Structure formats: C-alpha cells, structure tokens
K.L.:
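Before I ask anything, here is the structure I am working with.
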Amino acid sequence: MFAVHLVSFFFSKLQEDPTKKVDRFLYAMRLHDDQLKDISARFQAEMKKGLSSESNAAAAVKMLPTHVRSTPDGTEKGQFLALDLGGSKFKVLQVKVREGMGIKRGGVEMEERTYPIPKELLIGKGTELFGHVSESLKDFLHQRNISLEKKHPLAFTFSFPCEQTALDQGFLLDWGKNYRPRGLQGKDVVQTLREAIDRTGGLDVEVLAMVNDTVATMMTCGFDDEYCEVGLIIGTGTNACYMEELRHIDLVEGDEGRMCVNTEWGGFGDDDSLNDYITEFDRDVDAASNNPGKQIFEKMISGMYLGELVRLVVLKMAKLGLLFDGRVSDALRTKGKITTAHVAAMEEYKNGLKNTKDILTELDLNPTSDDCIAVQHVSTIVSFRSSNLAAAGLAAILSRIKQNRNLRSLRITVGVDGTVYKTHPQYPKRLHKVVRRLLPECHVRFVLSDSGSSKGAALVSAVAQRLASQRRQVDETLAPFRLSQEQLQLVKARMRAGLEAGLKSKGPSTIKMLPSFVYRTPDGTEKGKYLALDLGGTNFRALLVNFKKGLQHNARLYHKIYTIPQEIMQGTGEEGTLVSWTKGYKATDCEGHDVVSLLREAIKRRNEFDLDIVAVVNDTVGTMMSCAYEDPQCEIGLIAGTGTNVCYMEELKNIKKTEHKFGKTEKGEKEEDMVEGTEGEKNEGDAEIPKMCINTEWGGLGDDGSLDDIITPYDVEVRSILQQLGLNSTCDDSIIVKEVCGAVSRRAAQLCGAGMAAVVEKIRENRGLDHLNITVGVDGALYKLHPHFAGVLQETARILAPQCNVTFLPSEEGSGKGAALITAVARQKHD
Ligand code: G6P
Ligand code: BGC
C-alpha cells in the first residue's frame, strides 16, 4: 500500500503545477475571508483603543486627529504653494483653486516639480532635510517667476505620523519608510519648516496647514465627489484616514460634527495583535528594517517591503531546492534586489512570465519555465495578501462609519493614491473585489487621485482660510454676548439700584418689587389639604396637596398638567390685578384686573363647584415656599424658564412702596402676628426682623435703557428669526449654531447670576452680616434642563457675591406646593 502512495506522489511531483508547491509553501499567506473578517474585527478594536483617551497612549493604531473638520464644499478658492514630502517623490507645487458655481464644482490648476532628496539627507540632521525642502521651494518660485515679495499661503503634505493640535501645528511621532533624519522627533514639524524657510530667506510664505498624505488624498478626491470621506495610500508606505464623529474622538474637545482621523494603520500589529498572521518572512523583513518591531501591518502591505518579501520567499524556496534546483545567487541573497516594481512586472497579464524570467536572469539565476511560474505565483500571493490585508483594514473603517451613522447600507467613496495601487496591474481590482465581498451591503466607489495629494492639501488650506475668516466673523458677531466681569459687576450694581428704587417708588419702576404679603416661610406646622393652580410656566397645573403636621418634607401631592391652547393664551381674559402679561400670554381684559375675581367669576360661570380662593402667588414665591418647606434657610425663589424672575424675603422697614403698614388682613388680623414661629437654623439675629417676600419682577431691568450698553442688535430681533430657520445645515453650520446658542445661553446665565448676586448682597447688608448663608429655591426648564445654565449662574453669583454662600435647591414639585403652603400658613391663623 505504502509503495502505491510513494509512486503516485512522485508521479504527481513530476506532473505537479508549480503553483501548487508555492501554495503549500506560502499557505500562511493565503488568507481566506474568515481570516480577513477576523483581522478586520481586530482592526476595529484597535481603532476604538486609539480613539479613547484611556487607551490611546498604548494603542498601536494611533488614530491621530487631523483638525480637518469637513471635506470640500466647492466654496474653496485661492492660490497656494504646496509641498509634498514623504512619498516616493518630493514635490513642490503651485495650486490654483477656482470657486465652484452652484452645483458645478470649481476647477483646480496645478504646476509641479519633483526635487530629488539626496540619500544622506534621509539619515542626516532633520533641519538640513527641511533646509533642502525650503531651498527647493525657493528654486521653484524662481523657475516659475513667481514673485518672492508676495505673501504666499502654503499647504504642506507630510506623510509621517504627527500629533496635531491644530491644522498648522503637528509634533512628529516617528519617521518611517526610508526616512530616518535625526533631531526632529517630538518637534513641531510646521515650526521646523517655518524656521527653515526663514533661514533660506527671501521668501514670504505663510504655512497654513499641514496634512498627512491620506488626508490630502481624501480632500483631492472629495473636491469632485462629495461622498469621498476616506483617504487610502498604498505606496512606499500605507495608511488610511476617514471622517470620524467628533464625539468619538476623546483627544479633541467638542462633540458636534466630524473630524478626519489619520489612522496610521501601518502600526497595526505592533502590539503583537497580528502575531498569528505573521510569517517567518515578515519577521525577517522586520528584523532587517530600519525600525524593527514597528509598522508591522505596513511591512505586510506596502511597496517598500513587497519586493523584499518576494525575494526572501524565493531565496528560502531556492535553498530548500524547491526552485532553481536549489541554486542560489549572491544577487538573490542581496537585500532589495527584488523591488515592488519587479513584483508588479512579474504579475503583468501578458508579459508577466517573460518579465519574471528577465528579472530572475538578472539575479544570475537560470530559471526554468516552472521556476518562473512558481516565482510569479510567489509575487501573486505576496501582493494578493497585501491587497487582502488593505481590504480588511478598509472594511473595518467603512463598517465603523456605517455604525456611526446607524445606516443599514453605506454609499461612500475612497480616494486612493500610491505607486503600488497606481502601478501594480491587478492590485486595484483585487482590493475593490475583496472590500465589496467583505461588505456586500455597502456601495463603495474607489477614485484614484490622479494629481497627487497637493490639490487636497491646498483645499485644506483653502478650508482653513474659510474657517479662519468664518471664525473671525463668528467672534465679531458673538463678542457683544461675551460679558466681562466688569460688565457683570455693572449689571449687579444696576440690579441693586433697581431693587432699591422699586422698593421706594410708589409709581411704576422698571423692577416692580411687588409685595407678596407672604411674611414668613413654612415651619413644618402646616397641615391640611389644599388645591393649587399653577399658571404661567410652560404648562398649566392643577394640584391637590395634603400636608400632615410635623411630617415636614413629606407632603402628599397629586397633580395634573394641562397645556394651554394658543387661542386661550391670546383669547379673552375672563379667566388679582394683573400688571402685564409676559411669556406669550396676551389674553384680553386682564391687565389691570384682579385675577382672583376673574377666577372667581369663571368658577361662578361654571356653577359646578365652589372654591375658597385664599391666595394668589407668583411662581417665584411658590417656588421659594416649597423649597423652604425642605430647607428653612431658603429665602429666595428663582425662576429661569420660559420667563425669569426672583423673589426674596425683604425687611418690612425697607418696603416703602405700599401704604402698607402692618395693616389688617382681609379677615382683620394684625399682620405682624404672621411672622413669628419660623424654625430651623438661620443666620443669627434675623428671625425677629419682620419681613415680607418681595416679587421683584426683575425681568424689567433695562426697560429704562439701563442695559443699553449690554443689549445687542440681536436682542432686539431674535424670536422671529429662529422660527423662520428650517435650514439644512452643514457640520460647520451646526458647529457655529451651537456656538451661538452657547454664547446666548451663557450670557443669560451670567446675567441671572449677576442679578442673584445683587439680591443676596442686599439681604446680607440688610442684616449687617459679614457672611450670609442662604438657599435659593429654583425652578424653570432653562435652569433644570440646559446643560450649562445652572453651573454658569452659580459660578457668576459666587464670584460677584463672595461674602455669600448661596445654595441652589431645585424645586421638585414646582411652585404649586409652595402656593398651597402659603394657603396653609394663611389658613393656620383662622384655626
Ligand atoms: C502621491 C501623493 C503623496 C503620497 C504618495 C504616496 O504621490 O502626492 O502625497 O505620499 O502618493 O505614494 P508613494 O508610492 O509615492 O509613496
Ligand atoms: C506613514 C503615514 C503615511 C503612509 C503613506 C506611512 O509610513 O506613517 O503617515 O500616510 O506611510 O505614505
């Protein structure tokens, strides 16, 4: 039996297709889809690690933010110089970008010149390399008679990993490919270029932006294809970038819009995460490279290494007698003797085998036709693995974009450049095929960047210029909203003056300082069931509140919310004395009328039930009371919602406006009796001072022009514009809109804080205290729901009233409970 097998083995050996032995020999390099999906999944995991601030430092895939926030939108224009350093050729270019007209995208004209880089500069002092770059730039201007006097904006494509803090600032992490100059790692590459240009002299150049070649390639292709949001380089080196959601990039502030991330995927596997796919030949290439242990993924894919991989495989097979009858030549033993261009030539459709023969002959080998077929197949397997690995990486990036945008299917374009992709006959087709096989649900288009990346770099500079001018306009527009401490101190002082004036004035005052006839805050002795109606906020609420004596903090409360239809808000009143409507209410025949009588009449008209209306209170007073029920130190009520207002416990002696003397309540009791019996820790010495809660109606501050130096033209206009908006915004637009919202709401919170500082300072001075501890009961959607409003308000009050320790207590049940408490307090006197 054994004999039979042996015979058939030799027979097959004799007849065997030479590619079969290569397939066996390079079994580990022939990756099938499951393995590619596995690699893709591993790469996605690495991307997450690189994006997160916790794991970024140790991440092998660096995921570098580029500060490029948008792809071209056709409005870019201008004339730029461009430098393209880091690929196989160093190029100096002039790029003219013409603005697009409507849907028709603009045009780009380019003039370029390639400047060789002397080998010694690739391993010499980094500053000398940049000296050569700026000398070449000067020569280019000379050659093209471009004026040296004129200031030229410049875009810099630099194809090495840089930690960018801005478009025009990036610190070199490491060199790669065949670049190893000294002294620049950790340095700001843009600054290094600026210094080199200064040293060269006679040049007036403004370096606007530095971009990685992948980013420039994405922008170049994005100029003609709005779906292009991925840049891919398969060249001397390899890398990819894509538009990531800003909220996922921990290393950059902000969560609005997108930013291009330079993945630096060449480093994938540097943390051993690809060890089970690394072959002995990969290890040999790495060991012999100028950066062992680094750029593992790149060394399996890019042009700098493919030829060498093929040479090492062929050398090993020859040594094993699987090729050239075991003959090995010195040339075959020599590093770099088989280049990636050779690999591409060997795989040419027609002349592939002939080229293979020529190449092997040139290596002093005397190949048989089977040897040529076998070596050609080695090239195929090595370059196939390269395109497969690139496809796996790309599939990971595209899946992530699809997930980021919750899409079931993604339509996207990948801008590509690099000699391997451009010159290797089958490479593009293989790459496209595998990507589409791995992502059948995606519609992926590949666009070759035919004019190199400098067009893209120039576009980034044009975008930088556009964003810079936009930034200037936004800053100018928003400057009036950015209040200084001095201005806030002024507002506080004017609020204080307004409070004082309002207390004294018998007549109308901007800050009305309306007496509430609430003389004290609750002391926990309140009991009984009370109905409360809460009108004036976003919604109308009816409440039933049940206080159990001594069960402070535990009132039972039932409520129902009703929305007030617009036509009612603006219908007839019939529905105390209302001074004026605010907040969109315009019901007629109410202003100047006693709203309690209006309510009583309305109840009478229904003739279904009767109510004993005991009290009408402002929502600030209700809020203060319901919070004071929890915290006896609460003597201020603040509303920051649809409207804004504040009330506080003022000393009766300061309330000059009303003929109000300690008169009789409706029921003839002496009012001063209503102040005693308030429990809980208080600032020393203020319990016995008769007080009354004053509803300030501070919203009126400025109606007399006292805030004109702070009011902006937009304050006069804003409400109508917002309703008209309905615009389809770009990322930039939403970022600007968000900034406008931020500036407007920050100023609102600061103004509230300044007003609050005036109120607490008044109370402190009222009581002759060096230091005041006080609680503010607060309610309103703006305070409770806006992400930053409460914090900015508290911070401003703290800074402007340093001698007051102000606690802000959000009211849980709104002011309805407070109103019921006031009724309970008022009722207690009757029992
Ligand atoms: C083009 C781009 C360069 C890029 C290069 C990469 O030339 O203009 O910015 O670095 O492709 O490919 P390469 O094969 O030259 O390394
Ligand atoms: C560099 C990348 C570059 C890529 C393609 C890699 O070696 O690290 O920054 O994009 O080559 O040129």
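Keep in mind it's a predicted model, so treat the numbers as computed, not measured. Counting starts at 1 for both ligands and their atoms, in listed order.
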K.L.:
Could you say whether the N/O atoms of Thr214 and ligand 2 ever approach to under 3.5 Å?
P.N.:
no
K.L.:
Any N or O of Ser453 that comes nearer than 3.5 Å to an N or O of ligand 1?
P.N.:
yes
K.L.:
At less than 4.0 angstrom from any non-hydrogen atom of Ile233, what atoms of ligand 1 do you find?
P.N.:
6 (C)
K.L.:
Is the closest heavy-atom distance from Lys177 to ligand 1 below 4.0 Å?
P.N.:
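Lys177 does not count as a contact of ligand 1 under the 4.0 Å cut-off.
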K.L.:
Give the atoms of ligand 1, by number and element, whose distance to some non-hydrogen atom of Gly87 is under 4.0 Å.
P.N.:
10 (O), 15 (O), 16 (O)
K.L.:
Identify, by atom number and element, the atoms of ligand 2 in contact range of Asn212, meaning under 4.0 Å from any of its heavy atoms.
P.N.:
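By the 4.0 Å cutoff, the relevant atoms are 2 (C), 3 (C), 9 (O), 10 (O).
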K.L.:
Looking at ligand 1, does any of its N/O atoms fall within less than 3.5 Å of an N/O of Lys89?
P.N.:
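N/O-N/O distance under 3.5 Å: no.
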K.L.:
So, applying salt bridge (Lys or Arg N to Asp or Glu O under 4.0 Å) with Lys294, which one of Asp270, Asp174, Asp286 is it?
P.N.:
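Answer after filtering Asp270, Asp174, Asp286: Asp174.
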K.L.:
Below the 3.5 angstrom mark, is there an N/O of Lys91, backbone or side chain, next to an N/O of ligand 1?
P.N.:
yes
K.L.:
Heavy-atom distances under 4.0 Å are what count here, so tell me which part of Thr419 touches ligand 1: side chain, backbone, both or neither.
P.N.:
both
K.L.:
Would Trp265 and Tyr242 count as a ring pair (Phe, Tyr, Trp, His ring centres under 6.0 Å) here? Give the steps.
P.N.:
CA-CA 12 Å; Trp265 76 4; Tyr242 72 103; over 10 Å; no
K.L.:
Numbering the atoms of ligand 1 from 1, which are under 4.0 Å from a heavy atom of Gly235?
P.N.:
12 (O), 13 (P), 14 (O), 16 (O)
K.L.:
Side chain or backbone of Thr238 under 4.0 Å from ligand 2, or both, or neither, by non-hydrogen atoms?
P.N.:
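Backbone only.
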K.L.:
To check you understand the geometry: which heavy-atom pair defines the closest contact between Gly183 and Lys187, and what is its length?
P.N.:
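Closest heavy-atom pair between Gly183 and Lys187: O-NZ, 3.1 Å.
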K.L.:
Return yes or no for this condition: an N or O of Asn239 is under 3.5 Å from an N or O of ligand 2.
P.N.:
yes
K.L.:
So which heavy atom in the protein is nearest atom 4 (C) of ligand 1, and how far is it from that ligand atom?
P.N.:
Asp213 OD2, 3.4 Å
